[in-house]
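One structure is given below, encoded as structure tokens.
Protein chains get the first letters and strands the later ones, always in sequence-line order, with residue 1 at the start of each.
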2 protein chains.
Amino acid sequence: MAPTDVRGGGPRTQRTAVTAESVLDAALTLFAERGYHGTAVSQIAAALGVRTPSLYNHMTSKQELLETIVRRTLDDVHAEFDAAVAGLDAPADQLRAAVRVYARRHATHRRQALIVNRDTTSLPEPALSRMRQRRRDHETATRAVISRGIEDGSFSVGNAGLASFAILEMSVSIARWFREDGPRTAEQVADEYAEFALRVVRYRP
Amino acid sequence: MAPTDVRGGGPRTQRTAVTAESVLDAALTLFAERGYHGTAVSQIAAALGVRTPSLYNHMTSKQELLETIVRRTLDDVHAEFDAAVAGLDAPADQLRAAVRVYARRHATHRRQALIVNRDTTSLPEPALSRMRQRRRDHETATRAVISRGIEDGSFSVGNAGLASFAILEMSVSIARWFREDGPRTAEQVADEYAEFALRVVRYRP
DNA sequence: CATACTAGCTAACGCTCATAAGTTTGCCGT
DNA sequence: ACGGCAAACTTATGAGCGTTAGCTAGTATG
């Protein structure tokens, strides 16, 4: 049946190599699709064309996969936020830039976004608290931009917290519907959402 | 130890009755907290102070619990939408009313909202397709209101679909952070979000 | 007072899960 | 040519899952 003998010990030769990164990538796809608890390790193995125990040559546990995915994603979010607002002074410019990168990320990294939003709570302590804190930090930073805009009069919104939640979460939801082959590019969607954000805070130049 | 003999056969007398509804309520709490796949039937039983198999006197399967929760919630969403827009003509009034009830629901029915958003995909076909369709119907109806507002000139937004997604999903996210004992009531939050919605579509009276 | 129903219980089943242990195989550097 | 390592394999383990079966004790009905 099989064109080459694919069973038995020894490294694979005819197949794309299984590596720590390829395991993570397969987990990324499956966790995003069926959730962490809804995904069996055996399904990750099957996606890579390998028996289940072979995975443990490239990972230490299922939980660690989830933690790595969440940690990396939150690290990236923070780095992008910092890079986006650096060098900008006006709150409107900062908010536009921050929402743009955040919204774009949720179009370009859908799987990561879905997992972080759906399955972070499946992490064991103390990782859970650490990750929650990192998420809060990002929200707080966004809120601070809005607060500064309210103070200097360029924004006009009752409560900075409510607005920052609304803005961030509407961006998050892009991951739910965006399609790479859809009618709009990630950049276009990001620009549009950055505009939405400025309207929510009632930006007036 | 136990003040009354609580073991052995026979119905409980000293405890609040276990009913189909109380099972659903316990499932609601646990599914919302840990997710459908993350919740064991034994945990639902424990929450009710009962052994696991006893639950099956009040339900037929774990999956049916999820399906009931999702179906009821989506039914309610539709009914509320219809009731909210009925009798209103202006797109702005309709959008405000529709967002108000949708946002309020996500504050007052947090558990249902979290489950629908997180675990609908765990439903087996054909229920999954049915529920997805019902969700799409609600989005389409909201989009139609926005489109009418664009046509009659009271709204000014590039794409009705993008706007309706953003508005609905920012409302959904209320379920993530709202606390009943927080600084704002559900009504206040709903009013604020209805305002956000009108800003997103650039409503000008 | 007998009967039937309700709603608990214990026990057990068949599965699947994540993970461990130990074995086999092919390639690479010497 | 060969020894060792990397990475696959098979097999196994113990725990937990959802669910069924069969039993028992109170409660309501006649």
Side-chain angles (χ1 to χ4, degrees), chain A residues 1-27 30-31 34-69 119 122-124 127, chain B residues 1-27 30-31 34-69 119 122-124 127:
Chain A
M1 282 305 183
T4 61
D5 183 11
V6 88
R7 282 297 138 75
R12 294 287 86 77
T13 54
Q14 295 289 70
R15 204 197 298 115
T16 47
V18 175
T19 65
E21 285 307 313
S22 70
V23 172
L24 269 168
D25 192 73
L30 287 164
F31 288 174
R34 317 139 108 77
Y36 174 71
H37 284 302
T39 302
V41 175
S42 62
Q43 296 174 313
I44 303 175
L48 294 164
V50 140
R51 304 286 182 180
T52 308
S54 304
L55 286 185
Y56 287 81
N57 289 318
H58 309 284
M59 65 182 228
T60 73
S61 74
K62 187 188 177 188
Q63 262 185 8
E64 182 229 39
L65 286 179
L66 177 60
E67 192 176 335
T68 300
I69 289 169
D119 295 314
S122 296
L123 284 173
Chain B
M1 283 306 182
T4 60
D5 182 12
V6 89
R7 282 294 139 77
R12 293 291 82 78
T13 54
Q14 295 289 70
R15 204 195 299 114
T16 47
V18 174
T19 64
E21 285 306 313
S22 71
V23 172
L24 267 168
D25 191 73
L30 287 164
F31 288 173
R34 318 140 108 78
Y36 174 71
H37 284 303
T39 302
V41 173
S42 63
Q43 296 174 314
I44 302 175
L48 293 165
V50 139
R51 304 286 183 178
T52 309
S54 304
L55 287 185
Y56 287 82
N57 289 317
H58 309 283
M59 64 182 229
T60 73
S61 74
K62 187 188 179 190
Q63 261 185 10
E64 181 230 36
L65 286 179
L66 177 60
E67 192 176 335
T68 300
I69 290 169
D119 295 313
S122 296
L123 284 173

Q) Is there a donor and acceptor pair, one atom on the side chain of A:Asn57 and one on the base of D:dA6, closer than 3.5 Å? A) no

Q) According to a strict under-4.0 Å criterion, is B:His58 in side-chain N/O contact with OP1 or OP2 of C:dG8? A) yes

Q. To the nearest Å, how far apart are A:Leu55 CG and C:dC17 C1'?
A. 14 Å

Q. Given atom CG of B:Leu66 and atom P of D:dG18, what is their separation to the nearest angstrom?
A. 13 Å

Q) Which whole-number value in Å describes the distance from B:Leu48 CG to C:dA7 P? A) 14 Å

Q. So do the side chains of B:Ile44 and B:Leu65 get within less than 4.5 Å of each other, counting heavy atoms only?
A. yes

Report, one pair per line, the protein and nucleotides 18-22 of chain C atoms (nitrogen or oxygen only) whose separation is under 3.5 Å.
unit_1, atom_1, unit_2, atom_2, d
C:dA18, OP1, A:Thr39, O, 3.4
C:dA18, OP1, A:Val41, N, 3.2
C:dA18, OP1, A:Lys62, NZ, 3.0
C:dA18, OP2, A:Val41, N, 2.7
C:dT19, OP2, A:Tyr56, OH, 2.6
C:dT19, OP2, A:Lys62, N, 3.1
C:dT19, O5', A:Tyr56, OH, 3.3

Q | Residues which pass side-chain hydrogen bond (donor to acceptor under 3.5 Å, both in side chains) with B:Asn57, listed by chain and number, not counting sequence neighbours | A | none

Q. Is any side-chain nitrogen or oxygen of A:Ser54 closer than 4.0 Å to OP1 or OP2 of D:dA7?
A. no

Q: Go through the steps for A:Leu66 and A:Ser122 under the test side chain to side chain contact (heavy atoms under 4.5 Å, CB included), then give the verdict.
A: CA-CA 9 Å; A:Leu66 177 60; A:Ser122 296; 4.1 Å; yes

Q | Any residue meeting side-chain contact (heavy atoms from CB on, under 4.5 Å) with A:Ala46, in chain and number order, not counting sequence neighbours | A | none

**Q.** For B:Thr68, all residues meeting side-chain contact (heavy atoms from CB on, under 4.5 Å), sequence neighbours excluded
**A.** B:Leu24, B:Glu64, B:Arg71, B:Arg72

(Q) Could you report the tightest heavy-atom contact between A:Tyr36 and A:Lys62, atom names first, then the distance? (A) O-NZ, 3.1 Å

(Q) Just the rounded figure in Å: distance from P of C:dC17 to CD of A:Gln43. (A) 7 Å

